[in-house]
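Keep in mind the model is a prediction, meaning the values are calculated, not measured. For the numbers below, each heavy atom of this structure counts, side chains included, while hydrogens, waters and symmetry mates do not.
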Amino acid sequence: MDLNQKRTRTVDRVDSVDPDLVSPESTPMCPFPDEVLEPVLSLINSHKDRSSVSLVCKDWYNAERWSRRHVFIGNCYSVSPEIVVGRFPKIRSVTLKGKPRFSDFNLVPEDWGADVYPWLSVLAKAYPFLEELRLKRMAVSDESLEFLAMNFPEFKALSLLSCDGFSTDGLKAIATHCRNLAELDIQENGIDDLGGDWLSCFPETLTTLQVLNFASLNSEVSFSDLEKLVTRCKSLRVLKVNRTINLDQLQKLLLRAPQLTELGTGTFTQDLVTRPVADLEATFGSCKNLLTISGLWDTNSLYLPVIYPACASLTFLNLSCAALRSFELAMLLIHCKSLRRLWVLDTVGDMGLEAVGSWCPLLEELRVFPADPFEQENVAGVTESGFVAVSRGCPKLHYVLYFCHQMTNAAVATVVQNCPGFTHFRLCIMNLGQPDYVTNEPMDEAFGAVVRTCPNLQRLAVSGLLTDLTFEYIGKYAKNLEILSVAFAGSSDLGLKYVLGGCPRLRKLEIRDCPFGNAALLSGLTKYESMRSLWMSACNLTMNGCRVLAKEMPRLNVEVMKDEDSEDSQAHKVYIYRTVAGPRRDAPPFVLTL
Amino acid sequence: MGPQGLGLEITELRLGLPGGSGEKKRVVSGGREADVCGGEGKKDMDMVVGWPPVCLYRQKKSMGEATRKMYVKVSMDGAPILRKVDLSCLKGYSELGMALENLFGCYGIGEAMKAESESCEYIAIYEDKDGDWMLVGDVPWLMFIETCKRLRIKRRSYSNGVGLHGINNY
């Protein structure tokens, strides 16, 4: 890589910086020698800040690249591993994200790509002392995990979120060979669970574990090995066990690890009472450092109160595995005055949410998940009144994810008036094309209110019956919007044109089943290089339209996923992203790069 | 752009002459049949891929082991049409009794399950995993739902004289 080249693009985020302002050679404006600059820059951790630093001048670019220890790659195909290792010689931690987010909802075929192995083989040569690897939506095989375990002797932290392709055999390799492992965080992956014996592979000499999360695995592990592991790892602060761990066993673990800050319980009920509830309650009382509790499978009014002694200092309560009813939640929240983040199932109903508003004045984040997402009739769930109730009692609320079956424009307007600080507003009205159920109008005014009232809005997901007016509002008012998710909305090309014509900070746009066509797609030509990616599926795009885009913008990869059912001229699933690595070399046959 | 259907077949339940082509089962995937556990079966429920946008992990949880649907066929002596009951949404034998009473009008069957009383005209039996016909109510509920393959409601008068010993000749 020629360092004299003007920097117009970085590995991760591109800011709209005029290349002429970036000086190609050092100037009297940068009098600091590297020995001063590097230690100063080493204090900067945000990758966005580091991006900005690297654009100042050549000296700063160099100092930054030598002092960077963590690299964040938001799209694994935007850059090649060779380019990364060429630019950053001293990386100790890598975060890699792969598939488009809609792969979480089955919209991306298997074998699409994002294989981590090619990355690992390059990283092994360049960063033999790599310590941390965090992967999201990557394809990870057991061979990759074995390679990782065998080739990085200093490896300390592995986090796998929404990845797939591996089994518990891969975990065995990690547990067996990573002598300095401090973190093993396995979340929500498509893992082939062949058994729990991977946990017994941790050697008796391993005492460095700080984070262990196997909540999403199904198989039983050896409890005695787990207990011994927890006992000898004195620095353990995060422990999230799976459902097979019962209350008795949890009790024993907590007695061994009272220092925990984050706890994920196992099954939180029992048929035969072997130990009085008071004992469990006392144990929770002795865990003075708990900030987060999750798990709580199958809990009920008898056992949930056991956690009350630990609730006063809790900042995050994840009840999304516990189908609580409104009064159970209410009784619990009375004790949770410090709560900042709450995840619940919609079984708590509007009354449960009223309790949230009453008891959690410091709440900043609320996520309400549907207990039965595919049920359309006779579902209770939550409605607009619960939403409003929370907003009244929680003025600091800035992150919401809300699944419901009905909503009104007026309610949303009230919510954002009560909480104008929203940064993340994700509303999912589960019935497709549902209007305001009171006025029967589209939900345009709801989202109009959101973007007008919340200047800090970074992420927005829209739903319900929406016309182009919603997008006109978004384009006009959402100045800080970075991520937008759209499904079954809009009336014409205008909708997408409005968004592409506004939203100066847009980075990720994902659209499905909307009537947006080629004209709309091409109206955003100049915008796509400043974005990470655009996903459009089941819209009105054609192959020709995509070809035009690909021709005009050679620094974008315009990928079309061919569907057996759709006609040849239609572009059924389109994924467009900026890249410095050129077209993918590992694309499967159904992915065409135009 | 409408939702993409997944080619569900919902066939009408019809009454017909014995041996005719009228009788078909009603199956709704992802929704609920007309049974005591939910409301009436819905009309065309188009299932759209990936909607609602709930992660696969979370979907598995909502349909996880504890809430796996356990529909079993229920037949009753003299009733030509079978019904189906979802055992996973019943909490115990009393609720099963109520469900069966609602479906077939066999009042008192719940009581008959609890005690071996002779008061009810009907008894409930079930076919277990080994293929044997057993009297409903003997084993703990959770064990019962794991092992029950189908249910049958018999008029007690048919087993008079034979008692219950003849059941396995059924």
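Using a 4.5 Å cut-off between heavy atoms, L345(A) does not touch chain B at all. Contact annotation for F403(A): only side-chain heavy atoms (C-beta onward) come within less than 4.5 Å of a heavy atom of chain B.
Summarising the geometry of G50(B) relative to R512(A), their closest heavy-atom pair is O-NH1, 3.2 Å, with the distance given to 0.1 Å. Across all non-hydrogen atoms, the minimal contact from V48(B) to F488(A) is CG1-CZ, 3.6 Å. The minimum heavy-atom distance between L107(A) and V49(B), with the atom names listed, is CD2-CG1, 4.0 Å.
Listed for the W51(B) side chain is no donor-acceptor partner under 3.5 Å among the backbone atoms of N431(A).
Side-chain contact between C428(A) and P53(B) is present, with heavy atoms from C-beta onward closer than 4.5 Å. The shortest side-chain heavy-atom distance between F374(A) and P52(B) falls under the 4.5 Å cut-off.
In terms of the side chain to side chain donor-acceptor pair (under 3.5 Å) criterion, residue partners of R367(A) (sequence neighbours excluded) are, by chain and number, E365(A), Y399(A).
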